[in-house]
Visitor: 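Got a structure here, written out as structure tokens. Questions coming.
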Amino acid sequence: MDRLQQLAMHATSSAMAAHPLDPLSPGELKQAAGIIRNAYSNKQISFNTVTLREPEKSVLTRWLEKPTVFTRPPREAYFVILEEGVKGVIEGVISLTENKMVYSAISTNVQPILTVEDLGSVEEIMRRDPNVIEQCRISGIDDMSKVYCDPWTIGYDERWGSSRRLQQAFMYYREDEDDSQYSHPFDFTPIFDANEKRIIYIDVPPVRRPIKKNIPHANFNPKDVQATTGFRDPIKPISITQPEGVNFKLNGNVMDWQNFKFHIGFNYREGIVLNDIQFNDHGNLRPIFHRLSLAEMVVPYGNPEHPHQRKHAFDLGEYGAGYMTNPLALGCDCKGVIHYLDGHFINSKGEPITVKNSVCIHEEDDGVLFKHSDFRDNFTTSIVTRGTKLVISQIFTAANYEYMVYWIFHQDGTIQLEIKLTGILNTFAMNFDEDTKGWGTQVYPGVNAHNHQHLFSVRIHPSVDGHDGNSCAVADAAVPDHPVGSPENYYGNAFYAKRKVFKTSGESQTDYDGTTSRTWEFFNPNKENPYSHKNPSYKLVSRECPVLLPKKGSLVWKRAGFARHHMQVVPYTDDNFYPAGQHVPQTSGEPTRGITEWIGDGTSRIENTEIVAYHTMGITHFPSPEDFPIMPAETMTMLLRPRHFFTQNPALDVPPSHAMTTSGARALTNGEIKSLTDQTSKLAFSQTASSSCCLSTSKTAATVSSCKCANNGLSCNCEFNCTCCNH
Ligand code: ABN
Ligand code: CU
């Protein structure tokens, strides 16, 4: 590409990128790849990562606060490439604005993230390897076209350390290409060298467990389900329609919804990233969080027998929630009126690739937002306000597992992260008479699913009512020391919220405690709620917090420093993004990378400054047959809730779905009161409904008294503008 073409492309790509946090567009990816190719024109390189390098925080916030005063932060790309014959990775930064390489350097003894392309290259080589063919034959399989593998990073194996780029291949047999291979695992594990493109070793267990060809595959494809259990009657349609359209406005990647305003980003590693989250508090745009993302996760397995000790996946740092993201399908993955964002990455040749519909944006009914009825008139005086939620979601496939990530915004200012887990258990071969020793469960004849944990690291960068003056506290329900009968607690019933503000990062290393209903608060110590006289805060409510089960000193404990505690807070710096380190594959954990480095001796001050918190949540999974051959989705969740941030219920201004005042109720006749019962629920059971009902629409109080149903003359039960319908 000549200089003129480059400049033209640069002009187009920069102009198109309206926001400094927008993911790199295909044009920018192309531009970056061109600069890298030019710089390494005489070298054999392959591309691993090209992604947005987020602007320095100070430059970004300055621009976010006063976009007309300050110049837009420059667009930069971070890249990782591999050069043939060079150990480690080459990484660097490109200025897209200036169309040049800013720096590049070789990092030795680190291994890059595995791309989907990397994963795809192993199976064919494995099938041709004579030693693998021999092991398959020993296991009773001669036809290599029926042999499959899931290539994982090796984790860490001291026999090879970090210097070679290695994958461990979990082996499976599929009789038919439509079968699910996970019911027929092999018992041996080849090691693949991704640079040499060959199998370098096979871990073979002392006790052999041949493939059980006489056991049918446990399948979930419709043909086989039909042929085995058959299907239950299909569910009658539940239609979700939004005839008047959606309630959100998306300007580029900036979302405006029900007083929330924020930027939606997406990258190869964290997947969805939410930035600059603000709440419009009656005209006052108040910052809440600067950045929220899922930053890392680890899935340690609990079988101590070699080589299972090294089975643990850092699904974000080793593979990437963006790289593994699914193109989403309308009406299945998300339902309703959907807006999608595409994901853009590069392939190993440096060409832009697009995953269509990577991010789904939609609204859902959210049940009752608030309600109250008055018993004095048999609950006729009543208000019910239904809620609507906004969901930003993605689904990624981590070989066998699916992780479904939902960032949910509620009208009362709550932000929720819900993660659902489905897909297929990682399985290993077992003999019929074998004792699993408690390390796993036989979920199907000959199939051992090992115990494991799914531990997620949520990165929370608060900006509650300001960027540089936030603190974090832990809050526990506590009882005073005073005994029953003492003047201070005569009846013994006293309890209160005991709060401890973290002064240092060392103090912040805390763990969930269900017995004290423990929560954590991100607050602004420089502001005060005029009613409660407490600091405005967002409280983290997260109750699914297992402890990391691999012991202190174990491989996973060393590598996954973030999972040692449920909460760790550090001062913000421009590069503390990834809590298990920048390059995660094949780290030994000595020294531990990421959060443990940032915490250091634990003395960094984290009070009334710019802080970043890493919260670990998840589940411990003891598999059972119900999880097989494909798991029903299991949900875990965490909430960030405003506390002392507003002066009243922030959702009070959501128009009610039903409202009847006491005076209105008093004016009603008996027949009118009867008509208030919900007719639609009777319809569900085919009873005859009364001749009239009305449905509320969200209009103003102005139309209240003119609301009469034409067919029976009754007032409609909805105080706001209503539609009478004839059932
Ligand atoms: N669950 C570990 C993993 C993820 C992606 C690809 C292979 C393995
Ligand atoms: Cu699991």
Side-chain angles (χ1 to χ4, degrees), residues 48 111-123 126 148-156 165-172 181-182 185 189-192 194 268-271 294 296-303 308 310-326 345 355 394-405 419-428 439-441 443 447-456 544 546 549 556 559-560 563 580 584-586 617-636:
N48 175 270
Q111 296 298 343
I113 202 162
L114 280 186
T115 64
V116 175
E117 230 176 306
D118 291 331
L119 298 174
S121 65
V122 182
E123 217 155 55
M126 169 280 288
Y148 292 77
C149 73
D150 282 4
W152 291 33
T153 72
I154 195 163
Y156 182 79
R165 193 173 181 217
L166 299 178
Q167 285 158 253
Q168 51 184 329
F170 295 123
M171 304 288 297
Y172 306 94
Q181 72 259 23
Y182 296 99
T189 317
I191 311 292
F192 175 78
Y268 75 107
R269 184 149 173 176
E270 298 159 284
L294 195 60
E296 190 51 274
M297 56 178 287
V298 67
V299 186
Y301 283 76
N303 186 325
H308 308 303
R310 63 166 190 236
K311 191 164 77 179
H312 58 281
F314 291 78
D315 288 293
L316 271 59
E318 291 181 332
Y319 312 91
Y323 276 166
M324 299 187 296
T325 212
N326 288 193
F345 311 109
V355 177
Q394 72 164 118
I395 301 176
F396 62 91
T397 299
N400 50 312
Y401 265 112
E402 263 70 22
Y403 294 100
M404 310 197 268
V405 180
I419 301 177
K420 288 187 178 182
L421 237 109
T422 179
I424 309 175
L425 293 162
N426 172 273
T427 55
F428 192 69
W439 315 129
T441 307
V443 292
V447 180
N448 186 355
H450 296 158
N451 307 337
H452 58 280
Q453 301 188 281
H454 302 263
L455 302 174
F456 302 88
E544 282 150 304
L549 293 171
V556 177
R559 296 186 75 202
V584 179
Q586 294 178 242
M617 63 184 245
I619 55 164
T620 299
H621 190 169
F622 297 108
S624 77
E626 288 88 343
D627 297 336
F628 205 68
I630 183 167
M631 288 182 302
E634 178 165 1
T635 306
M636 68 207 77

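Read the numbers this way: they start at 1 and go in the same order the structure lists the ligands and their atoms.
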Visitor: Considering non-hydrogen atoms of the protein only, which is the closest contact for atom 8 (C) of ligand 1, and what is the distance?
Guide: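 Residue, atom and distance for the closest contact: Trp152 CD1, 3.3 Å.
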Visitor: Rounded to 10°, how big is the angle at the Cu ion (ligand 2) from His621 ND1 to His454 NE2?
Guide: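 It comes to 140°.
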Visitor: Only one of Tyr323, Phe345, Phe396 forms a ring-ring contact (aromatic ring centres under 6.0 Å, His included) with Tyr268, so which one is it?
Guide: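 Between Tyr268 and the candidates, ring-ring contact (aromatic ring centres under 6.0 Å, His included) is satisfied uniquely by Tyr323.
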Visitor: Is the His621 ring parallel, tilted or perpendicular to the His452 ring (thresholds 30°, 60°)?
Guide: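 Taking His452 first and then His621, their aromatic rings sit tilted (interplane angle of 30° to 60°).
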Visitor: Hey, which atoms in ligand 1 end up nearer than 4.0 Å to a heavy atom of Pro151?
Guide: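 Per the distance check, 7 (C).
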Visitor: Of all N, O or S atoms in His452, identify the one at the shortest distance from the Cu ion (ligand 2).
Guide: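 The nearest such atom is NE2.
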Visitor: At under 4.0 Å between heavy atoms, is it the side chain or the backbone of Met324 that contacts ligand 1, or both, or neither?
Guide: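 Met324 to ligand 1: side-chain contact only, backbone stays beyond 4.0 Å.
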Visitor: Within the stated cut-off of 2.8 Å, is an N/O/S atom of Gln453 closer than that to the Cu ion (ligand 2)?
Guide: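 Of the N, O and S atoms in Gln453, none lies under 2.8 Å from the Cu ion (ligand 2), which means no.
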Visitor: Does ligand 1 come near enough to Ala313 that some N or O of the ligand is less than 3.5 Å from an N or O of the residue?
Guide: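 No, there is no polar N/O contact under 3.5 Å.
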Visitor: Determine the sole option in Asn48, Val122, Thr153 for which the side-chain contact (heavy atoms from CB on, under 4.5 Å) test with Leu114 is passed.
Guide: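 In the set Asn48, Val122, Thr153, the residue that makes a side-chain contact (heavy atoms from CB on, under 4.5 Å) with Leu114 is Thr153.
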Visitor: Do Val584 and Arg269 have side chains that approach each other closer than 4.5 Å (heavy atoms only, starting at C-beta)?
Guide: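 A side-chain contact exists here, since the closest heavy-atom pair is under 4.5 Å.
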Visitor: Say you draw a straight line from CD1 of Ile191 to CD of Gln167; how long is it, rounded to the nearest 0.5 Å?
Guide: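 So the CD1 of Ile191 and the CD of Gln167 are separated by 10.0 Å.
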Visitor: Can you tell me how far CG of Leu455 sits from NE2 of His312, rounded to the nearest 0.5 angstrom?
Guide: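 CG of Leu455 is found 12.0 Å from NE2 of His312.
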Visitor: Is the His454 ring parallel, tilted or perpendicular to the Phe456 ring (thresholds 30°, 60°)?
Guide: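 Rings of His454 and Phe456: parallel, as their planes differ by under 30°.
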Visitor: Against ligand 1, does Asp150 come closer than 4.0 Å with any heavy atom?
Guide: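 For ligand 1, residue contact (heavy atoms, under 4.0 Å) with Asp150 is absent.
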Visitor: Would you mind checking which non-hydrogen protein atom is closest to atom 1 (N) of ligand 1, with the distance to 0.1 Å?
Guide: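 Result for atom 1 (N) of ligand 1: Asp315 OD1, 2.9 Å.
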Visitor: If the plane angle is over 60° it's perpendicular, under 30° parallel, otherwise tilted; pick one for Phe170 and Trp152.
Guide: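 Phe170 and Trp152: perpendicular rings.
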Visitor: Looking only at distances, please establish whether an N/O atom of ligand 1 is found under 3.5 Å from an N/O atom of Thr397.
Guide: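 No: no nitrogen or oxygen of Thr397 is under 3.5 Å from one in ligand 1.
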Visitor: Can Tyr401 be said to touch ligand 1, with heavy atoms closer than 4.0 Å?
Guide: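 Flag not set, Tyr401 not near ligand 1.
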